[in-house]
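A short worksheet on the structure shown next.
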Amino acid sequence: MMKALFTLSILPLSVLSAWAPPGPDGKYTLTAPGITAKFIPYAACITNLLVADRNGTLRDVILGYDNATFYPVDPNHSDYGAVPGRYTNRIANHTYVINGTRYYTEANDGNGTLHSGLNGWSHRVWNVSDVTATSITFTIRDESNSSLGMPGLVLGTVTHSVSNNTWSTKLSAVAVDHDTPLMLTTHPYWNLDAFSNPKTDLIFNHTLSLPFSKRMLGIDPATECTGAIPEVPAGSINDFWSKPKQLGASINDPAWVGNCGTGSGCSGYNNQWVVDRNASEMALPVATLSSAYTGIKWDLYTDQPGVVVYSCFWMGGELCLSCATL
Ligand SMILES: *[C@@H]1O[C@H](CO)[C@@H](O)[C@H](O)[C@H]1NC(C)=O
Ligand SMILES: *[C@@H]1O[C@H](CO)[C@@H](O)[C@H](O)[C@H]1NC(C)=O
Ligand SMILES: *[C@@H]1O[C@H](CO)[C@@H](O)[C@H](O)[C@H]1NC(C)=O
Ligand SMILES: *[C@@H]1O[C@H](CO)[C@@H](O)[C@H](O)[C@H]1NC(C)=O
Ligand SMILES: *[C@@H]1O[C@H](CO)[C@@H](O)[C@H](O)[C@H]1NC(C)=O
Ligand SMILES: *[C@@H]1O[C@H](CO)[C@@H](O)[C@H](O)[C@H]1NC(C)=O
Ligand SMILES: *[C@@H]1O[C@H](CO)[C@@H](O)[C@H](O)[C@H]1NC(C)=O
Ligand SMILES: *[C@@H]1O[C@H](CO)[C@@H](O)[C@H](O)[C@H]1NC(C)=O
Ligand SMILES: *[C@@H]1O[C@H](CO)[C@@H](O)[C@H](O)[C@H]1NC(C)=O
Ligand SMILES: *[C@@H]1O[C@H](CO)[C@@H](O)[C@H](O)[C@H]1NC(C)=O
Ligand SMILES: *[C@@H]1O[C@H](CO)[C@@H](O)[C@H](O)[C@H]1NC(C)=O
C-alpha cells in the first residue's frame, strides 16, 4: 500500500443537464472524433473502447463483457474497467493506523486487503448524476463502515469523458466526517490487438515506455509494499525508462517468476512504478503502450505519482489470456 494517505478534492456537484438513457444493452455510449466508449453504473466501469487500427478498422481495445448484467455476478470479479475504492490496491495484513487508532480491514487477498474488500466501490452500482453525448458522471455515497474498517462517510465522483481520440477520467472523493484511507484509480485491461492478431492473443509483444519511472515500490513475497523504494537499474526486468521495451522482453529472465510476488510465484508484472517529474514535465505522458500489429498506441497522462502495470499472470482461460492493465 502507499504509506501516504491523501484526499482528493471534491468537485462541485454538477447541475443535472441533458439526459441520455443507456442503450438496450444497458451501456451508456459516448462518442467523439476517433473514439467511442461505453460505460455502466456497476463499478463506474468502462466496458468498451473503440478506436481505428492502421487500416481504419474499428477495434475494441479494452476488455469487458458484452452482457452488462454479468458484471455483478462474475465469479472471478477481475474488476475489468472498474473504479475500485475507497482505497484501491493493497493493505498489508489487513490493518492500518490513523492518528494512533488501529483499524482492521477485510482480509480478501491472503492476509491482506485488496481494493477495500468484497464490498468496495467496484462491487457497487453507482448513481448516474449526469450524461451528455461526450461525458458521464457517476457518484457514490459510501457510508461509514460499509467496508470493514473504513470509518466515516465518503462521497465519490467519477466523470468519464471523450474528445478527439481521447478518453479522460476525473476521480474525486471527500471524507466528510472522519479521517479514512482514500486512493482511487481506473482499472482497464488492454489488448491493443483486440484479439485480431493471428500470431498471438497475448500482449507480450506490446511495447511499453515508462519514461519517468526509475524507481518502484518494493514488495514482500505476498506482493505487499515494504516501504522500500528501490531504483530500477537500466536493462533490468523492470526497466521501461531507459528505452521502450516489449512487455515480454524479459520473459526468459530468471527474475520473471516471482517478480510480482515470490510467495505466489506471481510472474511478470503486477507492480507499481513511481513517477518522478518536475513541474515542466507534468504535461508529458507517463506511460506509452503500442502494438506494431494494429498500429494502435496510447499515451497516459496523469497528475498522480505512480502507475501500476499488471500483465495478468493469474488470468488463464479464454477470457483473459492476453491482457494488461495500467
Ligand atoms: C447476462 O448475464 C446474466 C447474469 O449472468 C444472465 O442472467 C443473462 O442470461 C445473460 N444474458 C445473455 C444474453 O447472455
Ligand atoms: C505482516 O505481519 C507479519 C506477522 O506479524 C509481519 O512479519 C510482516 O512484516 C507484516 N507485513 C507487512 C508488510 O507489514
Ligand atoms: C495477518 O495479519 C494480522 C494483523 O492483522 C497479524 O497479526 C498476523 O500475524 C498476520 N499473519 C501473517 C501470516 O502474516
Ligand atoms: C488526532 O486525534 C486528536 C485527538 O483525538 C485530534 O485532536 C486530532 O484532530 C486528530 N488529528 C487528525 C488529523 O484527525
Ligand atoms: C444513490 O442515490 C440515492 C438517492 O439519493 C441514495 O439513497 C443512494 O445511496 C445512492 N447510491 C449510491 C451508490 O451512492
Ligand atoms: C465503525 O465500526 C467500528 C467497529 O469496527 C465502531 O467502533 C464504530 O463506531 C463504527 N462507526 C460508525 C460511524 O458506524
Ligand atoms: C485530433 O487529434 C489528432 C491527433 O490525434 C490531431 O491531428 C487533430 O488535429 C485533432 N483534431 C482536433 C479537432 O483537435
Ligand atoms: C514478438 O516480438 C518478438 C521480438 O521482436 C518476435 O521475435 C516475435 O516473433 C513476435 N511474436 C509475435 C507473435 O508477433
Ligand atoms: C526538468 O527535468 C528535465 C530532465 O531532467 C530537465 O531537462 C529540465 O531542465 C527540468 N526542468 C525544470 C524546470 O527543472
Ligand atoms: C491491414 O491490411 C493489410 C492489407 O490488407 C493486412 O495485411 C493487415 O493484416 C491489416 N492489419 C490489421 C491490423 O488488420
Ligand atoms: C474465471 O477464471 C477461471 C480460471 O482462470 C477461468 O477458467 C474462467 O474462464 C474465468 N471465468 C470468467 C467468467 O472470467
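Quick note: numbers below take in every heavy atom, side chains included, and nothing from hydrogens, waters or symmetry partners. We're numbering straight along the sequence, starting at 1. Both counts, for ligands and for their atoms, begin at 1 and track the order of listing.
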Within 4.0 Å of some non-hydrogen atom of K199, the atoms of ligand 8 are 13 (C)
[atom]: nearest protein contact (heavy atom, Å):
atom: atom 3 (C) of ligand 1; value: T69 OG1, 3.5 Å
atom: atom 4 (C) of ligand 8; value: Q246 OE1, 3.8 Å
atom: atom 5 (O) of ligand 1; value: V73 CG2, 3.3 Å

Problem set entry | Heavy-atom protein contact below 4.0 Å for atom 7 (O) of ligand 8 | no
Honestly, for N67 the part within reach of ligand 1 (heavy atoms, under 4.0 Å) is side chain
Are [X] and [Y] linked by a side-chain donor-acceptor pair shorter than 3.5 Å?
X: Y269; Y: N259; value: no
X: T139; Y: N127; value: no
X: T223; Y: R90; value: no

task = Please report the C-alpha distance between R59 and D193 in whole Å, then the side-chain angles of each, then the deciding distance to 0.1 Å, and finally whether the salt bridge (charged side-chain N to carboxylate O under 4.0 Å, His left out) criterion is met.
result = CA-CA 8 Å; R59 302 289 185 190; D193 292 344; over 6 Å; no
Requested in this report: Go through N238 and N271 one step at a time and tell me if the side chain to side chain donor-acceptor pair (under 3.5 Å) criterion holds.
Outcome: CA-CA 9 Å; N238 293 316; N271 306 79; 5.1 Å; no
*Could an N or O of ligand 8 be found under 3.5 Å from any N or O of N205, whether backbone or side chain?*
yes
State whether the shortest distance between N or O atoms of T200 and N or O atoms of ligand 8 falls below 3.5 angstrom.
no
Practice prompt. Report yes if some heavy atom in the side chain of N111 is under 4.5 Å from a heavy atom in the side chain of H94; otherwise report no.
Written response: yes
request  = Would you please determine whether D220 falls within less than 4.0 Å of ligand 2 on a heavy-atom basis?
outcome  = yes
In this structure, CG of L63 is separated from CG of N48 (nearest 0.5 Å) by 10.0 Å
Atoms of ligand 2 under 4.0 Å from any heavy atom of N93, numbered from 1 in the order shown, are 1 (C), 2 (O), 3 (C), 8 (C), 10 (C), 11 (N), 12 (C), 14 (O)
